[in-house]
Enquirer: 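Here it is: the structure, laid out below.
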Amino acid sequence: MNDLKTIRGMPDLYGKDIEAISMIEKTCKEVFLGFNYSEVRTPLIEYKSLFERSVGESSEIIQQKEVFELDDRKGEMLCLRPEGTAGLVRSLITNGLDDEEIKKFFYIGPMFRYERPQKGRKRQFFQAGVELIGNAIYGDLEVIQVAKMILDKLGIESNLEINFLGDNESLEAYNKYLDDYLSRSNEVPEYVKKNPIRALDSKDEKVKKLMSEAKSIESFLNEKQKNKFLDIKNKLNELKINFRENKNLVRGLDYYNGLVFEFTSSELGAQNAIIGGGRYDGLIESLGGRNLPATGFALGIDRLSEMIKTSILRKDVFIGCVDESSVPYAQKIGSQLRGTNSELVIENYLGSANVSKQLKKANSQGFKFAIIVGQEEIKAEKVKLKYLEDDKEDIECTIDELVEFLND
RNA sequence: GUGGGCGUAGCUCAGUUGGUUAGAGCGCCGGUUUGUGGCACCGGAGGUCGAGGGUUCAACCCCCUUCGUCCACCCCA
């Protein structure tokens with residue numbers, strides 16, 4: 001009965017939706033490769049325990065059962081990956097790549113979270129991300145530059161927010177302080193009690209009011225950490241990258257520390273983060289690898305795609321036919337054009353509409369040129385090229401001349 | 001997991017206090033035009049009214065259940 005429906009939060013993507021998504025993926029890939037990051041493809045399914053150990057027991061992803069679980073028939077609990085970093089770090093360790101050399105990786109692909117869908121939030125969604133692993137000087141800055149370049153290339157307006165969380169010790173101390181501080185009130189929601197640092201970006205008015213009197217995370221940083229943050233801010237200014245310091249910015253995954261950042265957009269409603277990332281210095285070691293520092297970010301491809309409305313596909317030549325027997329000649333023209341220039345988008349019309357309707361189609365589908373072939377053209381070994389966009393005279397020429405013309 | 005809105009043609013949506021044959025625009029197909037587009041006109045196809053149950057002489061409309069979708073909480077990219 002309902003086996004023809006898509007399942008909740010996992011729509012079919014077609015038309016403009018997928019146009020925008022694949023264009024963004026292409027742009028991401030170009031930028032990643034341009035910074036010499038190399039691709040890693042890890043499986044969509046991993047042991048669930050991997051995420052319990054990385055993303056963290058206290059994160060909502062694990063807490064609220066936001067992972068799609070499955071049984072492997074041998075009693076092992078598996079799950080669809082809810083994010084990309086854990087799998088990538090796992091593969092680094094699994095394949096013995098966690099040596100001292102600086103490594104730059106990227107990934108693009110679907111992620112899955114069992115959440116209630118809303119604007120900018122699906123159960124299957126697409127992320128692209130980078131991980132910069134090893135003792136990289138100013139690695140935080142490079143990663144931000146990569147993110148910024150993607151947004152610039154896509155022409156997307158956004159705001160960059162940054163914060164500095166310190167190391168695992170200072171984070172722990174701050175969490176302890178908050179726990180203690182918040183326990184004064186009995187109006188603190190459950191999720192804040194479990195992970196007190198979440199009180200920082202809570203939208204709950206009572207929590208907000210309480211937090212306005214609390215100490216900031218800054219007061220738990222030592223001199224070295226404060227200087228590190230100051231240095232990063234100065235360098236961002238030198239790079240002319242605008243940012244806003246947001247002392248309430250925290251990330252939901254337990255492994256983050258040090259510099260964290262988010263690119264946000266006001267166009268997207270409540271789910272306004274389009275890129276989020278930061279440092280995760282302890283993660284590799286805690287998963288069983290070496291003690292290597294690392295930083296990275298993840299980018300929400302679906303969210304960006306909602307900000308791109310205009311069609312970006314270019315269509316060049318529509319080749320139609322007067323009658324069935326002209327089709328082979330039309331296909332010969334088509335394959336010659338494609339053979340000399342694989343960038344051209346060429347439609348060989350295969351339907352049976354009359355010439356007038358064929359031209360209407362060519363026009364409404366946004367082609368730049370149309371060619372209609374029939375017996376006259378075949379006999380004369382010529383083609384007539386019509387301008388659909390401009391009001392110019394038709395061009396009559398041989399196929400070779402046509403190839404030459406379209407390659408200019 | 002919580003709260004609220006919405007499910008009628010491929011798309012966007014009308015549909016009266018429950019009443020006979022469920023509509024429009026866009027798109028699609030055909031024609032006006034048997035070899036020439038953007039416009040216009042004419043015609044056509046396409047619906048188990050999301051699904052299941054109930055109330056009723058009668059349900060797209062009321063009730064229950066369920067699924068999907070949207071918005072917010074929450075979470076995060």
Side-chain angles (χ1 to χ4, degrees), chain A residues 1-11 14-16 24 28 55 58-67 82-85 108 110-123 125-129 147 158 189-192 194-195 198 201-205 207 249-253 256 261-265 268-278 296-306 318 320-323 326 351-367 369-377 384-391 394:
Chain A
M1 277 305 164
N2 51 17
D3 59 355
L4 289 181
K5 288 184 167 177
T6 56
I7 67 180
R8 189 167 167 79
M10 303 191 181
Y14 57 92
K16 288 238 172 10
I24 291 165
C28 287
V55 169
S58 69
S59 93
E60 297 298 312
I61 291 179
I62 298 297
Q63 281 276 322
Q64 301 255 21
K65 306 208 182 338
E66 287 179 5
V67 293
E83 58 102 40
T85 300
I108 299 176
M111 305 294 163
F112 304 84
R113 280 181 211 171
Y114 196 95
E115 297 175 285
R116 193 88 159 244
Q118 68 178 76
K119 191 176 176 68
R121 186 167 82 183
K122 301 277 179 280
R123 286 184 169 186
F125 57 102
F126 299 89
Q127 285 192 336
S158 64
E190 200 54 31
Y191 70 90
V192 174
K194 278 183 181 151
N195 198 2
R198 299 245 48 130
D201 61 353
S202 175
K203 289 176 191 170
D204 187 309
E205 286 304 323
V207 177
L249 176 67
V250 286
R251 321 251 49 248
L253 310 181
Y256 284 110
F261 61 92
E262 236 171 55
F263 286 85
T264 60
S265 162
L268 288 173
Q271 309 300 320
N272 64 349
I274 52 182
I275 295 181
F297 68 77
L299 167 157
I301 293 172
D302 315 56
R303 287 187 186 173
L304 288 184
S305 77
E306 289 191 29
F318 178 99
C321 294
V322 170
D323 50 41
S326 316
S352 51
N354 64 37
V355 172
S356 161
K357 297 272 157 133
Q358 288 185 40
L359 283 167
K360 274 185 193 169
K361 275 183 210 300
N363 201 54
S364 68
Q365 286 177 26
F367 282 90
F369 301 103
I371 293 170
I372 302 289
V373 303
Q375 300 309 317
E376 291 170 23
E377 284 82 358
K384 221 189 269 175
L385 187 71
K386 299 182 72 67
Y387 283 90
L388 295 175
E389 286 178 348
D390 309 306
D391 219 10
D394 296 357

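Keep in mind it's a predicted model, so treat the numbers as computed, not measured. All chains are named by letter (A, B, ...) in the order of the sequence lines, taking the proteins before the strands, and each is independently numbered beginning at 1. Side chains are part of it too, since the values below use all heavy atoms of this structure and drop only hydrogens, waters and symmetry mates.
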Enquirer: Classify the nucleic acid contact of Glu376(A) as base, sugar-phosphate or nothing, counting any heavy atom under 4.0 Å across all strands shown.
Expert: base

Enquirer: Take atom P in A24(B) and the same atom in G43(B), then report the distance between them in whole Å.
Expert: 11 Å

Enquirer: Is Gln375(A) touching bases, backbone alone, or none of the nucleic acid, heavy atoms closer than 4.0 Å?
Expert: base

Enquirer: With sugar-phosphate meaning primed atoms plus P, OP1 and OP2, does Ile274(A) contact a base, only sugar-phosphate, or nothing at under 4.0 Å between heavy atoms?
Expert: sugar-phosphate

Enquirer: Please pick, from G30(B), A77(B), C70(B), the nucleotide with the shortest atom-to-atom distance to any side-chain atom of Arg303(A).
Expert: A77(B)

Enquirer: Side chain of Lys384(A) only, please: which of G37(B), G50(B), U36(B) is the nearest?
Expert: U36(B)

Enquirer: Given that both distances must come in under 3.5 Å, which nucleotide forms a Watson-Crick or G-U wobble pair with G68(B)?
Expert: C6(B)

Enquirer: Measuring from the side chain of Leu388(A) (C-beta onward, heavy atoms only), which nucleotide among C67(B), C73(B), G37(B) has the closest atom?
Expert: G37(B)

Enquirer: Measuring to OP1 and OP2 of C76(B), would you say a side-chain N or O of Lys203(A) lies under 4.0 angstrom away?
Expert: no

Enquirer: Using the ring centroid of each side chain, check whether Phe318(A) and Phe369(A) are separated by less than 6.0 Å.
Expert: no

Enquirer: Taking 4.0 angstrom as the limit, do Arg251(A) and Glu262(A) come out as a salt bridge?
Expert: yes

Enquirer: With a 4.0 Å limit, can you tell me whether Asn272(A) has a side-chain N or O closer than that to the phosphate oxygens OP1/OP2 of C76(B)?
Expert: no

Enquirer: Given A72(B), is OP1 or OP2 found less than 4.0 Å from the side-chain N or O atoms of Gln118(A)?
Expert: yes

Enquirer: Looking at every strand, decide which applies to Phe125(A) at a 4.0 Å heavy-atom threshold: base, sugar-phosphate, or nothing.
Expert: base

Enquirer: Can you find a side chain N or O atom of Arg116(A) that sits less than 4.0 Å from OP1 or OP2 on U69(B)?
Expert: no

Enquirer: Using a heavy-atom cut-off of under 4.0 Å over every strand shown, decide if Lys360(A) touches base, sugar-phosphate, or nothing.
Expert: base

Enquirer: What is the nucleic acid contact for Gly276(A), judged by heavy atoms within less than 4.0 Å: base, sugar-phosphate only, or nothing?
Expert: sugar-phosphate

Enquirer: Using a 4.0 Å heavy-atom cut-off, does Arg121(A) contact any base of the nucleic acid, only the sugar-phosphate backbone, or nothing at all?
Expert: base

Enquirer: Verify the distance criterion only: is there a donor paired with an acceptor across the side chains of Ser326(A) and Asp323(A) at less than 3.5 Å?
Expert: yes

Enquirer: Which part of the nucleic acid, if any, lies within reach of Gly129(A) when heavy atoms closer than 4.0 Å are counted: base, sugar-phosphate only, or nothing?
Expert: nothing

Enquirer: For Asp394(A), which contact category applies under a 4.0 Å heavy-atom criterion: base, sugar-phosphate, or nothing?
Expert: nothing

Enquirer: Using a cut-off of 4.0 Å on non-hydrogen atoms, how would the nucleic acid contact of Lys386(A) be classed: base, sugar-phosphate, or nothing?
Expert: base

Enquirer: Taking a pair as Watson-Crick or G-U wobble with both distances under 3.5 Å, which nucleotide is matched to C73(B)?
Expert: G1(B)

Enquirer: Under a 3.5 Å cut-off for both contacts, is U20(B) paired Watson-Crick or G-U wobble with anything, and if yes, with which nucleotide?
Expert: none

Enquirer: Base, sugar-phosphate, or nothing for Tyr387(A), non-hydrogen atoms under 4.0 angstrom?
Expert: base

Enquirer: For Ile372(A) and G38(B), give me the distance from atom CD1 to atom P, rounded to whole Å.
Expert: 13 Å

Enquirer: Measuring to OP1 and OP2 of U69(B), would you say a side-chain N or O of Arg8(A) lies under 4.0 angstrom away?
Expert: yes

Enquirer: Record whether the side chain of Glu377(A) comes under 3.5 Å of the base of G35(B) through a donor-acceptor pair of N or O atoms.
Expert: yes

Enquirer: When all nucleic acid strands are considered with a 4.0 Å heavy-atom cut-off, which category describes Gly15(A): base, sugar-phosphate, or nothing?
Expert: nothing

Enquirer: When all nucleic acid strands are considered with a 4.0 Å heavy-atom cut-off, which category describes Ala298(A): base, sugar-phosphate, or nothing?
Expert: sugar-phosphate

Enquirer: From A77(B), C73(B), C70(B), pick the nucleotide closest to the side chain of Pro117(A)?
Expert: C70(B)

Enquirer: Does any N or O donor sit under 3.5 Å from an N or O acceptor when you compare the side chain of Lys357(A) with the base of G31(B)?
Expert: yes

